[in-house]
S.K.: 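Could you have a look at this structure, given as structure tokens, before my questions?
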Amino acid sequence: AKEAGRNDFRFFTQEMNAEAHEQMVLEREIRKAIKKEEFVVYYQPVVDVKQGRIVSCEALVRWQHPFKGLVAPNYFIAIAEETGLIDGIGHLVLKQVCQQIQKWQNDPVMKDIRVAVNLSPHQLRNNNLVHDIEKMLQYYGISAGALAFEITETQVMQDPEGTAVLLDDIQALGIKIYLDDFGTGYSSLNYLKRFSFDVLKIDRSFIMDVEVDSGDAALVEAIIVMAHKLGIKVVAEGVETENQRQFVAQQECDLIQGFYYSRPIDAEEMSSFCHLNFAK
Ligand code: C2E
Ligand code: CA
Ligand code: CA
Ligand code: CA
């Protein structure tokens, strides 16, 4: 038994070493990818329920890998966050988004489409963040209203005081703040009152089951009512079916994002999609 135990332990460490090694390789690859600017931004349309048209979109990063193809963020965001490389990726994302907004300003259909960019905890801890954002807006000559940032309640929880100051500074620039993945963290209600979020995004996990889980349906309904009482707009995330769309629309949800309308698409497809939608 002793022998086996020792073997187990050896296997365990070997596995850990393999994993640590894999992480190291990935970290090095990401570092290189930042230098070579291999990250591209995809956009997922967000539809205004009352207006029945696309009013905004979420910027979602992908890694255009030289031989792996288009790599999803789940593969690299966590390690980028751990290693701080997310600052570099975040900078590239913001730059691309601002360039895109600048281009879209000359297009009557695209010029009022707001782009929401995800900010990670590490980026929020970066003291230069607000300054970087301000410089970027100036450089590309775009108005702050064209941009929004999404942060999660878990991030807010990690440092409520610091986050409050930071969010105030960002909002003072005229940029809206969205609370992402709402309902998946803790103390949600408390933070809703303390922070002045412009928009709340109900997490996909609640939307997924609204048709079959009366508990989730009740929660979604309650979140929307509460947000509206606090003067906050609501996005339903991850709407995939007509029934889900109908349900959240009936609950007077303001905005809808999900595969029902479109998956995340590149800038060109986004523009075509909006023109099609606008022409209707
Ligand atoms: P998120 O911020 O919650 O983004 C929404 C995710 O849900 C996206 O996955 C989107 O493709 C997916 N989604 C949207 N509608 C549907 C639907 O109807 N059904 C299903 N099954 N999924 C839907 P994606 O693009 O893979 O991004 C995953 C996560 O990676 C994001 O979750 C966000 O946390 C992170 N991420 C993406 N881009 C960035 C970025 O530029 N910076 C940072 N810091 N994080 C990012
Ligand atoms: Ca998001
Ligand atoms: Ca989300
Ligand atoms: Ca459920």
Side-chain angles (χ1 to χ4, degrees), residues 30 33-34 37-47 54 56-64 69-98 100 114-126 129 132-133 136 147-156 176-185 188 197-211 223 234-245 247-248 253 255-267 269-270 273:
I30 296 172
I34 294 171
E37 305 204 4
E38 286 172 359
F39 294 94
V40 290
V41 177
Y42 271 48
Y43 300 87
Q44 188 178 29
V46 175
V47 172
I54 301 158
S56 63
C57 59
E58 178 173 6
L60 295 157
V61 71
R62 272 96 183 92
W63 178 2
Q64 185 66 68
L70 207 60
V71 179
N74 289 344
Y75 181 71
F76 59 86
I77 289 287
I79 181 148
E81 177 69 20
E82 250 174 68
T83 53
L85 290 171
I86 191 71
D87 284 3
I89 298 174
H91 181 81
L92 289 178
V93 168
L94 189 59
K95 190 174 85 176
Q96 256 182 59
V97 165
C98 288
Q100 197 56 61
R114 180 190 291 156
V115 184
V117 175
N118 291 286
L119 279 184
S120 79
H122 195 276
Q123 288 176 279
L124 284 180
R125 288 196 297 271
N126 179 352
L129 181 68
D132 285 350
I133 295 169
M136 200 83 89
L147 208 60
F149 287 113
E150 300 193 357
I151 64 163
T152 67
E153 45 189 353
T154 313
Q155 289 167 239
V156 176
K176 305 277 189 224
I177 301 285
Y178 295 9
L179 183 58
D180 203 0
D181 302 346
F182 185 77
T184 58
S188 330
F197 297 108
D198 301 285
V199 175
L200 173 164
K201 302 186 78 171
I202 304 180
D203 190 67
R204 178 159 61 90
S205 55
F206 297 100
I207 305 299
M208 211 158 61
D209 290 340
V210 283
E211 296 158 81
I223 291 170
V234 182
V235 181
E237 269 199 296
V239 170
E240 293 184 356
T241 69
E242 171 59 21
N243 281 337
Q244 290 166 352
R245 190 203 63 78
F247 178 83
V248 296
C253 185
L255 302 148
I256 295 177
Q257 176 181 356
F259 293 175
Y260 176 79
Y261 288 110
S262 171
R263 284 173 182 267
I265 45 187
D266 69 27
E269 293 170 309
M270 175 68 189
F273 192 75

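Atoms within a ligand are numbered from 1 in the order they appear, just like the ligands themselves.
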S.K.: Would you say Q44 and ligand 1 have an N/O pair spaced under 3.5 Å apart?
M.R.: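 Right, the criterion is met.
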S.K.: Is E237 near ligand 1, meaning one of its heavy atoms is under 4.0 Å from it?
M.R.: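 The answer is yes, since E237 has a heavy atom less than 4.0 Å from ligand 1.
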S.K.: Quick test: of every protein heavy atom, which one is nearest to atom 7 (O) of ligand 1, and how far off is it to 0.1 Å?
M.R.: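 That would be R204 NE, 4.3 Å.
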S.K.: Can you list the ligand 1 atoms lying under 4.0 Å from a non-hydrogen atom of I77?
M.R.: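 Those qualifying, in numeric order: 43 (C), 45 (N), 46 (C).
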S.K.: Of all the heavy atoms in P264, does at least one lie under 4.0 Å from an atom in ligand 1?
M.R.: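 Contact check P264 vs ligand 1: positive.
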S.K.: Indicate whether the side chain of T241 and that of N243 have a donor and an acceptor atom separated by less than 3.5 Å.
M.R.: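 Result is no, nothing qualifies.
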S.K.: Purely on distance, is any nitrogen or oxygen of E58 under 3.5 Å from one on ligand 1?
M.R.: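 Between E58 and ligand 1 (N or O atoms, distance only) the closest approach is under 3.5 Å.
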S.K.: Ring-plane angle category for W63 and F76, please: parallel below 30°, perpendicular beyond 60°, tilted otherwise.
M.R.: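 Taking F76 first and then W63, their aromatic rings stand perpendicular (interplane angle over 60°).
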S.K.: Under a 3.5 Å distance rule, please check whether E240 uses its side chain to pair with a backbone N or O of M208 as donor and acceptor.
M.R.: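 Here the side-chain-to-backbone pair does not exist.
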S.K.: So between A236, P73, S262, whose heavy atom ends up nearest atom 36 (N) of ligand 1?
M.R.: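 Ranked by closest heavy atom to atom 36 (N) of ligand 1, first place is P73.
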S.K.: Just to be sure I'm reading this right: ignoring hydrogens, which of F39, Y42, F259 gets closest to atom 23 (C) of ligand 1? Compare them by their nearest heavy atoms.
M.R.: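 When every heavy atom of F39, Y42, F259 is considered, F259 comes closest to atom 23 (C) of ligand 1.
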S.K.: Please write down residue, atom name and distance for the protein heavy atom closest to atom 19 (N) of ligand 1.
M.R.: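 For atom 19 (N) of ligand 1, the nearest protein heavy atom is E240 OE2, 2.5 Å.
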S.K.: Do ligand 1 and Y260 have nitrogen or oxygen atoms that lie under 3.5 Å from each other?
M.R.: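 No; the residue has no nitrogen or oxygen that sits under 3.5 Å from a nitrogen or oxygen of the ligand.
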S.K.: Strictly under 4.0 Å, does any heavy atom of K201 approach an atom of ligand 1?
M.R.: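 No heavy atom of K201 comes that close to ligand 1.
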S.K.: Heavy-atom contact check, 4.0 Å cutoff: does R263 meet ligand 1?
M.R.: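 Contact check R263 vs ligand 1: negative.
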S.K.: Return the set of protein N, O or S atoms whose distance to the Ca ion (ligand 2) is under 3.0 Å, each given as residue and atom.
M.R.: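 Per the 3.0 Å query on the Ca ion (ligand 2), atoms found are E58 OE2, N118 OD1, E150 OE1, D180 OD2.
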